[in-house]
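Here's the structure, in structure tokens; my notes come after.
Every chain is numbered from 1, with letters handed out A, B, ... down the list of sequences.
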Amino acid sequence: MTTDLTDSILYLDAVSVSFDGFKALNDLSFVVGRGELRAIIGPNGAGKTTMMDVVTGKTRPDKGAVVFDGSVDLTTQDESAIASLGIGRKFQKPTVFDYQTVEDNLLLAVEGPRTAFSSLFGWRSKVTAYQIYEALSIIRLGDLKYRLAGSLSHGQKQWLEIGMLLAQNPKLLLVDEPVAGMTDAETEETARLLTSIAGEHAVVVVEHDMSFVRALDCKVTCLHEGTVLAEGTIDSVSANDRVIDVYLGR
Amino acid sequence: MIKFLFHRFDKTAAYFIAALAVLGVLIPILNLALPEASTFHIPTYLVSLWGKYLAYALLALALDLVWGYCGILSLGHGAFFALGGYAMGMYLMRQIGSRGVYADPILPDFMVFLNWKELPITWYFFDHFVYAIAMVILVPSLLALIFGWFAFRSRVTGVYLSIITQSLTYALLLAFFRNDMGFGGNNGLTDFKDILGFSIQAPTTRAILFSITALMLALGFIVARAMVASRFGQVLASIRDAESRTRFLGYRVENYKLMVFVVSAAMAGIAGALYVPQVGIINPSEFAPANSIEAVIWVAVGGRGTLIGAAIGAVLVNFAKTWLTGTFPDFWLYGLGALFIGVTLFLPKGIIGTLTARFNSGGKGDTA
Ligand SMILES: Nc1ncnc2c1ncn2[C@@H]1O[C@H](COP(=O)(O)OP(=O)(O)OP(=O)(O)O)[C@@H](O)[C@H]1O
Ligand SMILES: [Mg+2]
């Protein structure tokens, strides 16, 4: 277990969270390695989003350990501290800043100093401008960069949020249901994008779309009732009887 | 940076500053240089009345900075205004010296009346103008810092925050009413004689006070504008629109709120300090919750999140107030209520907000 910990970017051990007595996470343990791409699947209410809430500091676990990068205890830190450590998140329901332009949304996300003082006196550097340009071309919203984010379609907002995540350049990306609202072509594109950034970054993707998960071609963890039901290759997990029973169906 | 400032200080901002400059020069000239018989002569009482409006405009600007740009609806900004006013009032009291009714060279009249033998520590050094000005800025800022530190750290937001800001000003109202607080009890501070050696009643002094108020309003506007147009302002807007999302991007929301809240409190304090010598009195009623709420209405009427609108709203509403309380004294509160409801229903963006929206969509097409 100790080697697991030191080699890991994210380490969850026996994490439990309950809401009014209902256990959303129940002794959840799993480990994500540095630079690993991991898919998380599981039925509605399995606790996938709650797991991300715990990692990003939105929800405090009742018990258990959540360790980032082999040594940093995340359970004592708040959202902004955790984000500054290098954990970026895309929300299940795309959340962008509706009243700001696409470009400004990216500008807010770009890695760099975040303190109130620095923001008063600094503005965008050439490097920042380039990072924004790069993110815009990856998410293909270059033509819409002056549009208000609130006026984008659901799929475009998904892309924008992915772009914000890339601009943040975190060590660990938590991506909650990225392809909902995307066309098949876009879904394929997203899978390509996520596989290409893995390695340099660790990526944890939650998704129900099984063909997308297959395209990610990575280790899969199936959650059910707040705990790990099965873990392994996509073929072994989707052949698992219990996974078929509770999630995939016969 | 320069290009950026130039870009953000658009035409409207330039017009606003120019208008203040013209007012700041023209009104004193019309008051001082023209004979009283002239049609264009402006009587001194009007100069001070408009000076009061401009001080209110600065308060409105301060409030718009936190409410319009960061979503902090303070219902207690009158407290910062009043504290700045009291600091100035204390300086003015100590300038009276032995010219008071009881002719005590050190103690203000009310202290002699209360049979106090020596000056309370809180009044030390207030005979120095520079010290008093420092207090005008420091006292409101410090209160805002302490209050904000607790409130923003414990993530008090929305209605709850508004309610505790309201309680803050109410608590101060009660405290300042007490004689033993040493700030003149319910009579407050008044009967000022001079400021920096100039008679406070003299038309020249009044005219200069007016010009300084116009200047401070312009400066306050430039500072506020530079803040909201910077990346700092962008983060403020993000906090206003999606606070928790901003946190997940790594921004320390509480520090941003604290900074803007403190700057705003300092501005409100300066506004209060400009108000007092022109009105000639400061008393605890300035802490009344209703005053703070009125300031919110000025901002809403002029246009929240526009700065210029806040200033214009303050002037317009107070102009209407002067006129209405003069003509139909019982009608003012109803008028104010009706105005607020009317603006909320028909001009949710306020006067300036509606005008700019119309101008932008009519003039430039769909550029957003
Ligand atoms: N703040 C909360 N208060 C009460 N119950 C909650 C809260 N957050 C989540 N839950 C409950 O915890 C369970 C797990 O929810 P979670 O959102 O983590 O599921 P999920 O695996 O992401 O599901 P989906 O696939 O539908 O997104 C659900 O039953 C949900 O109703
Ligand atoms: Mg979910």
N/O donor-acceptor pair under 3.5 Å between B/T169 side chain and B/Q166 backbone: no
Where A/P113 and A/S118 come nearest, the two heavy atoms and their spacing: CB-OG, 3.6 Å
Using a 3.5 Å cut-off and no angle test, enumerate the donor-acceptor pairs between side-chain atoms of residues 215-224 of chain B and protein atoms at least two apart in sequence or in another chain.
none

Side chain / backbone / both / neither for A/F91 at chain B, heavy atoms under 4.5 Å: side chain
Any residue of residues 136-156 of chain B which, by heavy atoms, sits under 4.5 Å from chain A: B/R155
Side chain, backbone, both or neither of A/T115 within contact of chain B (heavy atoms, under 4.5 Å): backbone
Per-residue contact mode, A/D78 against chain B (heavy atom under 4.5 angstrom): side chain
Intermediate values then yes/no, side-chain hydrogen bond (donor to acceptor under 3.5 Å, both in side chains), A/S80 and B/R252: CA-CA 6 Å; A/S80 49; B/R252 286 234 151 263; 3.1 Å; yes
B/T246 portion near chain A, given a 4.5 angstrom heavy-atom threshold: both
For chain B, the option from A/T95, A/I87, A/I82 that forms the most heavy-atom pairs under 4.5 Å: A/T95
Heavy-atom closest contact (A/A149 atom, A/K157 atom, distance): O-CE, 3.6 Å
Atom CG of A/D73: over 12 foreign heavy atoms under 6.0 Å: yes
Backbone of A/P170 reached by a side-chain donor or acceptor of A/Q168 within 3.5 Å: no
Interatomic spacing from CD in A/E36 to CG in A/L10 - rounded to 0.5 Å: 10.0 Å
